[in-house]
Protein chains: 2
Amino acid sequence: MERTPPHPDVSEFDLQQVLEALVDPVRRSIVTQLDAADGADIACGAFDINVSKSTATHHFKVLREAGLIRQHYAGTSRMNTLRRTDMDQAFPGLLDALTPHGRDAG
Amino acid sequence: MERTPPHPDVSEFDLQQVLEALVDPVRRSIVTQLDAADGADIACGAFDINVSKSTATHHFKVLREAGLIRQHYAGTSRMNTLRRTDMDQAFPGLLDALTPHGRDAG
């Protein structure tokens with residue numbers, strides 16, 4: 001039984017799709033919170049975002065399909081990690097430019 | 001007679017507004033073409049974009065209001081330059097990450 005949703009390979013990343021994901025402030029907040037977690041995974045329910053559960057689910061799906069996050073199940077929780085290395089490889093500097101954490105480090 | 005349209009100061013640049021400007025592929029193409037011009041100005045009619053004149057005018061307005069381009073008249077032509085220094089100051093690395101020219105240089 002495969003419970004991991006599909007993820008694009010780095011070679012499939014598309015700048016237009018990534019920007020459409022990142023233009024939404026809630027999705028950018030999710031990315032920023034993951035970036036601040038320094039590689040740790042965060043459960044979907046543990047983010048500081050003020051949207052309904054179904055809206056949040058949609059946002060996570062958009063981020064996953066764009067290649068920005070990786071999702072996996074841990075028991076009944078869906079966990080999320082930032083695909084920073086993959087994004088940095090595909091679009092160097094983009095996440096650094098968009099996340100306060102990246103800007104501080106840079 | 002003031003013929004220069006209003007431009008935001010760097011201190012007024014807003015990341016959300018900049019991303020909304022850059023998420024459009026035609027507007028990103030305008031930015032990329034200006035970036036490749038290395039500081040030279042380009043008349044509105046001289047860009048390689050396949051849109052109507054009124055649509056193009058809208059795109060230039062969005063870019064100008066976000067702070068991405070500076071516009072001025074030269075005779076009857078409206079000329080455009082990329083506000084690269086201002087953008088690099090406000091959002092370091094963003095244009096580099098989004099323009100092939102920036103990526104090559106980096």
Side-chain angles (χ1 to χ4, degrees), chain A residues 8 10-36 47-51 55 58-59 61-69 82-106, chain B residues 8 10-36 47-51 55 58-59 61-69 82-106:
Chain A
V10 179
S11 64
E12 299 169 305
F13 285 6
D14 175 68
L15 179 59
Q16 183 61 36
Q17 191 176 359
V18 169
L19 286 176
E20 286 170 10
L22 290 172
V23 78
D24 184 279
V26 173
R27 291 197 288 267
R28 211 160 60 246
S29 173
I30 292 170
V31 166
T32 299
Q33 290 177 55
L34 283 170
D35 189 52
F47 285 86
D48 180 19
I49 48 176
N50 287 313
V51 296
T55 299
H58 167 72
H59 285 318
K61 180 170 183 279
V62 171
L63 288 170
R64 173 172 52 75
E65 290 180 345
L68 283 154
I69 64 171
L82 187 63
R83 296 180 67 178
R84 183 171 250 290
T85 305
D86 292 343
M87 270 295 141
D88 286 349
Q89 181 185 330
F91 308 112
L94 181 60
L95 285 186
D96 278 340
L98 295 181
T99 55
H101 189 243
R103 275 184 247 163
D104 290 347
Chain B
V10 179
S11 64
E12 299 170 303
F13 285 6
D14 175 68
L15 179 59
Q16 183 62 35
Q17 192 176 359
V18 170
L19 286 177
E20 285 170 10
L22 290 172
V23 76
D24 184 279
V26 173
R27 291 196 288 267
R28 212 159 61 247
S29 173
I30 292 170
V31 167
T32 299
Q33 290 177 55
L34 283 169
D35 188 53
F47 286 86
D48 180 20
I49 48 176
N50 288 311
V51 297
T55 299
H58 167 72
H59 285 318
K61 180 170 184 279
V62 171
L63 289 169
R64 173 172 52 76
E65 291 180 345
L68 283 153
I69 65 171
L82 187 63
R83 296 181 67 179
R84 181 171 253 289
T85 304
D86 292 343
M87 271 294 140
D88 287 349
Q89 181 185 332
F91 309 112
L94 182 59
L95 285 186
D96 278 341
L98 294 181
T99 55
H101 189 243
R103 275 184 246 162
D104 291 346

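Just the heavy atoms: all of them, side chains too, but no hydrogens, waters or symmetry mates, feed the values below. Below, chain A is the first sequence line, B the second, and so on; all start at residue 1.
In this structure, B:Gly93 and A:Ala97 approach most closely via the heavy-atom pair C-CB, 3.9 Å.
With values rounded to the nearest 0.5 angstrom, A:Glu20 atom CD is found 12.5 Å from B:Leu19 atom CG.
Chosen from A:Asp24, A:Leu22, A:Leu94, A:Val23, the residue pairing most often with chain B at heavy-atom distances under 4.5 Å is A:Val23.
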